[in-house]
Amino acid sequence: MYKGIAASRGIGIGSICLLSEHDLSFENKKVEDIEAEKKRFNDALEKFKEETTIQAADVRQRIGAKEAEIIEGHLVMASDPAMSGEMLKLIENGQCAEGALSSVCDMFYGMFSSMDDEMMRQRASDIADVKTSILKILLGIEDVDISKVAPGTVLVTRDLTPSMTSQIVKENVVGIITEVGGKTSHSAILARALEIPAVLSVPDITKLVKDKDTAIVDGNEGEIYINPDGDVLSSYIIKREQFIKKQAELKNFYGKKTVTADGTELDLYCNIGTPKDAKKALECDGEGIGLFRSEFLFMDNNHLPTEDEQFEAYKEAVEIMAGKEVIIRTLDVGGDKAIPYLNMKPEENPFLGYRAVRYCLGNKDTYMVQLRALVRASAYGKVKIMVPLVTTVDEIREVKSMVAEIKKDFDEKGIKYDPEIKVGCMIETPSASLIADLLAKEADFFSIGTNDLTQYTMSVDRGNSDVAYLYSAFQPSVLRSIKYIIESGVKAGIPVGMCGEAAADPLMIPLLMSFGLTEYSVNPVLVLTARCIISKWTKEEADALAAKVLSLPTEKEIVATLKAAAKE
């Protein structure tokens, strides 16, 4: 048995297809015909763009918009004149296309991979993927067509890149095993979207297996077995059937209300990234939108989107949801989300820098355009405005003041809007959690972002393997923060939701029920799973478990206790 990171739930049993790395070596010779070499490079670049555009469109249709954006990110990199311009300069100086491509990509890779935050390092991985893809075109190397692997295949590779993952036909691939990658890597995100069991970061796995070996991929526990004996194979066949049966049973919860075992109704919403994702939320039986990330409008543009462009996008999502609540997060720019045309200054530590509401309040003209579009969209349904990365009371007051100014202007001009539109804040920093009682007097609602709250509370870069063991929402300090945030909101009489990954965690759900959380916002594919878990717990049972858990001093003890009490 080999251990790795459980990146996508489920159990897969099948035959290994080992995706070996190609020999991408080349002779970095000086070229004589500069124009011919530039044409060869440009032709390869255009071919890459064409293939990537097709891949992105296919992923958008088969998997979803958020996943397609990962592939489209490669297209943006390849189209970046700063990168391609540097490559052409090197070719003009006599370097071959392969050498110019490698030199520039390696420079950017080194720059991003040395950064402290995880998302920047993920960008380094994407640059390596782009380099490899274009290099193969220049060298005339044909990849294994992953879309044509036989049914029952377990893919094993050093790193399953987004460009490779985008080719997967989910009916044929039963498991994924890699030597690198983590839960938040792009490959992991795509694997979860495809609902394929995946175990990542298994040391030297490509050297330990060969084609046609039988493999068991346990994406629940992060374990794999190669050519298992009869007893292990039989036990996992039973586990797989049990898992499949549980997934099938979830269909019984479709069309039902989200109700606890003792009859309390809760709200089960979805996280989305584009207006069209709202259709996916409805298809998966979401009861509303708990987090609509508005960044897509800005990241998918080469200019600042106008008020009308933003209004039409928000209106589309609101109308699709047909009266169900839609919580739209205002621009969360900065950190890992760099938008070239905004000309944001480089920062040594962007995650603690000029980002999200800080940037927006420092650029009020830009922010006012978005807020006006949001208030206009409220005339077509139930819109709530959510402010990210709040750390002070002044910030939420300032945003509410801007919204009040917009309402006054709309009243004077006769523009329709919902006069009761709510303005709330994401609680995702230790500062916000410590003053949750004060923020609750100003905000109309709270939404807890557990991903950042955990990272900031534990002072952990979750992409750093040396400290990743600390990154857990089950750490006592994080749980106490969550409890205090929820209780502060409840005491003030405002709704409290959660839009981080923990909202769908079967181990976390009973604790959230005990703390008083009323709104759970999850990935659309997890709606039925969360509804099923909620239905199994009474408030009394959840309270008893929470009291026991909060008395424990370590994350390990907490998780063990929650696993022992789980009702999956």
Side-chain angles (χ1 to χ4, degrees), residues 253 257-271 286-291 325 327 386 424-428 432-433 436-437 440 445-455 457-458 471-523 526-552 555 558-568:
F253 288 88
K257 292 181 178 180
T258 302
V259 186
T260 66
D262 49 357
T264 301
E265 282 191 29
L266 301 174
D267 294 320
L268 188 52
Y269 290 177
C270 293
N271 301 331
E287 298 164 12
I289 302 300
L291 169 62
E325 201 163 81
I327 300 175
M386 182 159 67
C425 55
M426 282 192 77
I427 307 293
E428 52 188 331
S433 68
D437 59 328
F445 66 91
F446 282 167
S447 185
I448 304 170
T450 50
N451 299 359
D452 272 344
L453 181 62
T454 301
Q455 183 164 244
T457 299
M458 295 305 299
Y471 180 77
S472 168
F474 295 104
Q475 290 284 357
S477 56
V478 181
L479 288 180
R480 292 183 184 206
S481 287
I482 292 171
K483 182 174 185 287
Y484 180 65
I485 293 163
I486 296 171
E487 289 177 345
S488 296
V490 170
K491 186 176 180 180
I494 64 171
V496 182
M498 178 178 285
C499 57
E501 287 185 12
D505 192 319
L507 300 184
M508 181 66 80
I509 284 173
L511 298 183
L512 300 177
M513 288 172 59
S514 173
F515 298 161
L517 193 78
T518 54
E519 177 200 299
Y520 300 69
S521 192
V522 304
N523 184 307
L526 296 174
V527 166
L528 298 184
T529 301
R531 186 173 292 151
C532 174
I533 298 299
I534 288 169
S535 75
K536 296 181 179 182
W537 288 90
T538 66
K539 181 70 162 60
E540 185 179 355
E541 291 169 335
D543 284 345
L545 180 61
K548 186 175 182 181
V549 162
L550 290 171
S551 71
L552 297 172
E555 188 262 358
I558 288 170
V559 171
T561 299
L562 291 172
K563 282 185 175 180
K567 295 185 178 186
E568 287 195 68

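In what follows, residues are counted from 1 in the order of the sequence shown. For the numbers below, each heavy atom of this structure counts, side chains included, while hydrogens, waters and symmetry mates do not.
With rounding to the nearest 0.5 angstrom, the CE atom of Met513 is 12.0 Å from the CD1 atom of Ile486. To the nearest 0.5 Å, the span separating NZ on Lys257 from CG on Leu266 amounts to 12.5 Å. Interatomic distance, CE of Met498 versus CG of Asp505, reported as 10.0 Å (0.5 Å rounding). Atom CG of Leu479 is separated from atom CG of Leu512 by 8.5 Å, given to the nearest 0.5 angstrom. Expressed to the nearest 0.5 Å, how far OG of Ser535 lies from NZ of Lys567 amounts to 9.5 Å. A distance of 7.0 Å separates CD of Glu325 from CG of Asp267, quoted to the nearest 0.5 Å.
The side-chain heavy atoms of Trp537 and Thr260, taken from C-beta on, include no pair separated by under 4.5 Å. Residues Leu511 and Leu562 have side chains in contact (heavy-atom distance under 4.5 Å, counting atoms from C-beta outward). Phe446 has its side chain out of reach of Pro495: every pair of non-hydrogen atoms, C-beta onward, lies at least 4.5 Å apart. Between Met386 and Leu291, the closest side-chain pair of non-hydrogen atoms falls below 4.5 Å. Looking only at side-chain heavy atoms (C-beta outward), Leu552 and Phe474 stay at 4.5 Å or farther from each other. Using a 4.5 Å heavy-atom cutoff, the side chains of Val478 and Thr450 are not in contact. Side-chain contact between Thr457 and Gln475 is absent, with no heavy-atom pair separated by less than 4.5 Å. Contact annotation: the side chain of Lys548 approaches that of Thr561 to within less than 4.5 Å [non-hydrogen atoms, C-beta and beyond].
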List the steps, then state whether side chain to side chain contact (heavy atoms under 4.5 Å, CB included) holds for Gln455 with Tyr471.
CA-CA 6 Å; Gln455 183 164 244; Tyr471 180 77; 4.0 Å; yes
Is there a side chain to side chain contact (heavy atoms under 4.5 Å, CB included) between Leu550 and Lys483? Walk through the geometry before answering.
CA-CA 10 Å; Leu550 290 171; Lys483 182 174 185 287; 3.4 Å; yes
Please test Thr529 against Val522 for side chain to side chain contact (heavy atoms under 4.5 Å, CB included), starting from the C-alpha separation and ending with a verdict.
CA-CA 10 Å; Thr529 301; Val522 304; over 6 Å; no
Under the criterion side chain to side chain contact (heavy atoms under 4.5 Å, CB included), I'd like the reasoning laid out for Ile327 against Glu519: C-alpha separation, chi angles, the key distance, then a yes or no.
CA-CA 12 Å; Ile327 300 175; Glu519 177 200 299; 3.8 Å; yes
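The two residues Ile509 and Ala503 come nearest to each other via the heavy atoms CG1-O, 3.7 Å. Here the shortest heavy-atom pairing between Ala546 and Phe515 reads CB-CE2, 4.2 Å. Heavy atoms only, all atoms of each residue included: Leu517 and Gly497 are closest at CD1-C, 3.6 Å. When all heavy atoms are compared, the tightest approach of Gly449 to Cys499 is CA-SG, 4.4 Å. Across every non-hydrogen atom of Met458 and Ser477, the tightest pair is SD-OG, 3.3 Å. Summarising the geometry of Pro476 relative to Ile558, their closest heavy-atom pair is CG-CD1, 3.8 Å, with the distance given to 0.1 Å.
For the residue pair Glu287/Thr258, the side-chain donor-acceptor check at 3.5 Å is satisfied.
With sequence neighbours left out, Ser521 forms a side-chain hydrogen bond (donor to acceptor under 3.5 Å, both in side chains) with Asn271.
Remark: side-chain polar atoms of Ser514 are not paired, donor with acceptor, to backbone N or O of Pro510 under 3.5 angstrom.
Under a cut-off of 6.0 angstrom, the local environment of NZ in Lys491 is sparse, with at most 12 non-hydrogen atoms contributed by other residues, nucleotides or ligands.
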